[in-house]
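Here's the structure, in structure tokens; my notes come after.
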Amino acid sequence: MVGLLYVAFGVMDALLIRDMLPYLIALRLVLGVGYVTSIMLQVRRGVDTQALELQCSLGIYVGFAAWLYLATQSSDETAILYYAGYGLIFMLVANLFFNLSFRFALLSSGLITATFLFWALRSNGNSSYIICFSSLYILSFLLTAFLNLKYNRERYRVHLNACRAELQQREVVQRGEELFRLSTTDVLTGLANRRAIDSVLQELWLANINSGQAFGVILIDVDFFKLYNDRYGHQRGDSCLAALGEAMRGAAEKRRYAIGRFGGEEFAALFQADSAEQVLEFAEEVRQAVEALQIPHAARRDPLSHVTVSIGAAFSADVAEDKPERAISAADDALYVAKEEGRNRARIFNARMRHSTESDDLNAEMLRAAVTDGRISAVFQPIVDVSSGRVWAAETLMRLKDTQGRAISPETFIPVAERTGAILEMGAWILRQACDLLASEPELPIVSVNISARQISEPNFISSVEAIVRAAGIAPSRLALEITESGEISGNPEVAQLMDRLNTIGIRVWLDDFGTGFAGLTCLSELRFDMVKIDRFFVQSCDTPRGAKLLKNIIDLVNNCAQRPIVEGVEEAWQIDLVSSFGADLFQGYHLGRPMPRSELKLMLSEYSSSSKILEMQHGS
Ligand code: C2E
Ligand code: CA
Ligand code: CA
């Protein structure tokens, strides 16, 4: 615009000093067009603003000086004097319109004023005109310089405010980022926390659904970490976890895999993968990285004496795709297998490892919440003495509903509760139910409760049972604990000790499901049980002579070991007739009574306590 204006003022040249017009037109065109083009090119090239401002301020001055010089060469002296007043426009441009910063505006308007005064003093025209024009130049110079200063100050203030606002904005963003980092980092190890890992899982799962890019999950569990904590203290436990986290980070960062702490002594890594082999290979690398640390761990229950990890891996293509958690629970299944097989190893999920799809929806939180949500309940199944026809005892059985109110089978939820440790709370709850029943039914001699190996291995197991018995105010001898024969029971000195202590207190211990596990006989010879429950498999296969003979031999065996048998699973009357002839008189099964709620059992106790209805039933009447 300024360039155009400069050229357009050629009209004034034509009106006032026509004799100089050819020179002035050439000057205006060269300066106006040339200068503007050069500045524009420099702007496009990103030349520094200061350099541009200097050129602009000098450009205005050169435009003025050259114009003044040519104008004064005209022969019409009065016209020149008037025309010189137009030079003030250059000053206005320099100080007000060009947005120049103060020093550059001052430079160009100062030069313009000085040049005009220099010419005016040397010219020999009308002195009163000269005085008037000179003072006009000086006053305009002062006024416009002052306005420029004010304007620039204002601009500077606005600029400062904008900077301040930008700084604040940046701070807010930074604080947000910091908060986000905190909310997604595990404080102890500095790795991603569970929440962050969950969102990585979500992303990988979506990518898998949308583009078919498969992924891998590995779950890493520190072996015997509870024992490590007990032996070395929590502080060393924490630094152990931090060191393990660092080693795992080293392995993961090389491949840019996401790794985090899932909670407790469990870690997880997630990454895009193309094959199950690739997933397992990384799992093995992590295992080796941990083992290479050689952190001493003398409290382990196996021959090793340093910290190791068990790893469960899963490759997304081997898992149902309907929800992202499937991959985690598959890795969890594989982890379980890795531990079962002796720990310090990595195993990858295959379909044979899956317990059932139902158990996928079960998790520790859902099971623990069952007690507070009232989704857990107890039912009782009578154990009948057929020689007297009385209810001799009742077995307590746990029932569970899922969050939608559907019943879940104990075969499904008990293994998950054992694995996740939820069985501890659930087991304590069911014990209280059993003791409550005993307290309210003095007629009922004994109530039994199923106990998992996981509960027995808790150090304060006995004291918690004792506390429950004492709180209910019942005789300890009326409570029986059913323990299933398993590898963990036989040959374990802790179990023998535990049985001794329970014996001293007076609480009974029964061997459950006898004959199903390979350790049954060892159990029977090593440990003294008050009762031995013969698994229902034997009753149900005694319809053949071979099956009947087998059951008879088992009952003989138990009797010969000076222990009493309870025969489980009688579903028909003839089974009782046959098996009682083998020397057993305690029976349990659907034929005598299904597992029932407490109110129904009470009714049964009052009806049958003195009558012979049960005996009648036994004989199928
Ligand atoms: P279990 O200890 O052998 O319990 C007996 C199971 O046999 C019960 O199944 C019972 O309903 C079933 N049963 C009883 N009579 C008959 C019969 O005549 N025929 C047949 N076919 N079955 C009969 P349930 O309640 O489904 O429990 C299954 C298993 O879950 C139990 O086997 C036990 O190992 C476990 N369990 C149940 N409640 C608890 C508990 O409170 N704690 C623990 N740790 N385990 C429990
Ligand atoms: Ca049982
Ligand atoms: Ca049983």
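Worth saying up front: this structure is predicted, and the values here are computed from it rather than measured. Both ligands and their constituent atoms are indexed starting at 1 by order of listing.
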Item checked: N/O separation below 3.5 Å, His591 to ligand 1 -> no
Check: Nearest to the Ca ion (ligand 2), which N, O or S atom of Glu482 do we find?
Finding: OE1
Check: What is the nearest protein non-hydrogen atom to atom 4 (O) of ligand 1, stated with its residue, atom name and distance?
Finding: Leu397 CD2, 3.6 Å
Checklist line | Heavy-atom donor-acceptor pair, Thr396 side chain to Ala434 backbone, under 3.5 Å | finding: no
Next item on the list: Would you check if there is a donor-acceptor pair between the side chains of Asn193 and Arg261 at a distance under 3.5 Å?
Entry: no
Item checked: Salt-bridge contact Glu568-Lys533 (side-chain N to carboxylate O under 4.0 Å) -> yes
Next item on the list: Report the part of Val570 in contact with ligand 1, treating N, CA, C, O as backbone and CB onward as side chain, heavy atoms under 4.0 Å; options are side chain, backbone, both, neither.
Entry: backbone
Checklist line | the Ca ion (ligand 2) to nearest N/O/S of Ser448 less than 3.0 Å | finding: no
Notebook entry, point to check: Using heavy atoms and a threshold below 4.0 Å, how should the contact between Met426 and ligand 1 be classified: side chain, backbone, both, or neither?
Noted result: neither
Next item on the list: Keeping the roles fixed (side chain from Arg375, backbone from Val371), state whether a donor-acceptor pair exists under 3.5 Å.
Entry: no
Notebook entry, point to check: So, are Arg326 and Asp322 salt-bridged, with charged N and O less than 4.0 Å apart?
Noted result: yes
Notebook entry, point to check: Hey, which N, O or S atom on Glu395 ends up closest to the Ca ion (ligand 2)?
Noted result: OE2
Next item on the list: May I ask you to decide if the ring planes of Phe225 and Tyr228 are parallel, tilted or perpendicular, using 30° and 60° as cut-offs?
Entry: parallel
Notebook entry, point to check: When you look at His591 and Gln575, which way does the side chain to side chain donor-acceptor pair (under 3.5 Å) test go after all the steps?
Noted result: CA-CA 10 Å; His591 178 67; Gln575 291 171 330; over 6 Å; no
Notebook entry, point to check: Is Arg345 reaching over with its side chain to a backbone N or O of Arg343, donor-acceptor style, under 3.5 angstrom?
Noted result: yes
Note to self: I'd like to know if the side chain of Ser329 pairs up with that of Asp332 as donor and acceptor (distance under 3.5 Å, no hydrogens or angles considered).
What the structure shows: no
Notebook entry, point to check: Which residue supplies the protein heavy atom nearest to atom 21 (N) of ligand 1, what is that atom called, and how far is it?
Noted result: Glu571 OE2, 3.1 Å
Notebook entry, point to check: Taking it one step at a time, do Arg287 and Val309 satisfy side-chain contact (heavy atoms from CB on, under 4.5 Å)?
Noted result: CA-CA 6 Å; Arg287 191 197 65 74; Val309 289; 4.2 Å; yes
Note to self: I need the contact type for Ile414 against ligand 1. Using non-hydrogen atoms and a strict under-4.0 Å cut-off, is it side chain, backbone, both or neither?
What the structure shows: side chain
Next item on the list: In sequence, state the C-alpha distance, the side-chain angles, and the governing distance for Glu395 and Ser448, and then conclude on side chain to side chain donor-acceptor pair (under 3.5 Å).
Entry: CA-CA 5 Å; Glu395 177 179 12; Ser448 71; 4.9 Å; no
Check: Taking only heavy atoms of Gly569, which atoms of ligand 1 are found under 4.0 Å from at least one of them?
Finding: 17 (C), 18 (O)
Next item on the list: Please state whether Gln588 comes within less than 4.0 angstrom of ligand 1, counting heavy atoms only.
Entry: no
Check: Considering only heavy atoms of Ser452, which atoms of ligand 1 have at least one such atom less than 4.0 Å away?
Finding: 44 (N)
Notebook entry, point to check: So which protein heavy atom does atom 7 (O) of ligand 1 come closest to, and at what separation?
Noted result: Arg536 NH1, 2.8 Å
Margin query: I'd like to know if the Ca ion (ligand 3) has an N/O/S atom from Glu568 within less than 3.0 Å of it, counting both backbone and side-chain atoms.
Written below: yes
Check: Counting backbone and side-chain atoms alike, does Asp513 have an N/O/S atom under 3.0 Å from the Ca ion (ligand 3)?
Finding: yes
Next item on the list: Report yes or no: does Ser409 have a heavy atom closer than 4.0 Å to ligand 1?
Entry: no
Notebook entry, point to check: Is Lys533 in contact with ligand 1, taking contact as a heavy-atom separation below 4.0 Å?
Noted result: no
Notebook entry, point to check: Side chain, backbone, both or neither: which part of Pro595 comes within less than 4.0 Å of ligand 1 when only heavy atoms are counted?
Noted result: side chain
Margin query: Restricting to N/O/S atoms, is Asp512 within less than 3.0 Å of the Ca ion (ligand 2) or not?
Written below: yes
Check: Checking Arg419 against Tyr336: charged group under 6.0 Å from the ring centre and within 45 degrees of the axis?
Finding: yes
Checklist line | Top protein contact for atom 38 (N) of ligand 1, by heavy-atom distance | finding: Met398 N, 3.0 Å
Notebook entry, point to check: Can you tell me if Arg399 has a non-hydrogen atom under 4.0 Å from ligand 1?
Noted result: yes
Checklist line | ligand 1 contact by Glu395, heavy-atom criterion under 4.0 angstrom | finding: yes
Next item on the list: Output yes when a protein non-hydrogen atom is found under 4.0 Å of atom 32 (O) of ligand 1, and no otherwise.
Entry: no
Checklist line | N or O pair under 3.5 Å between Glu411 and ligand 1 | finding: no
Check: Would a 4.0 Å cut-off, counted as strictly less than, catch a protein heavy atom around atom 27 (O) of ligand 1?
Finding: yes
Next item on the list: Heavy-atom contacts with Gly589 under 4.0 Å: which atoms of ligand 1 show up? List them by number with element.
Entry: 15 (N), 18 (O)
Next item on the list: Mark up the atoms of ligand 1 that fall under 4.0 Å of a heavy atom belonging to Pro410, in ascending order.
Entry: 24 (P), 25 (O), 26 (O), 27 (O), 28 (C), 30 (O)
Notebook entry, point to check: Do Arg301 and Phe224 meet the cation-pi criteria used here (NZ or CZ under 6.0 Å from the six-membered ring centre, within 45° of the axis)?
Noted result: no
Next item on the list: Using a 4.0 Å heavy-atom cut-off, say whether Asp512 meets ligand 1 through its side chain, its backbone, both or neither.
Entry: side chain
Next item on the list: Show your working on side-chain contact (heavy atoms from CB on, under 4.5 Å) between Gln455 and Leu424 and close with a plain yes or no.
Entry: CA-CA 6 Å; Gln455 285 169 278; Leu424 301 177; 4.0 Å; yes
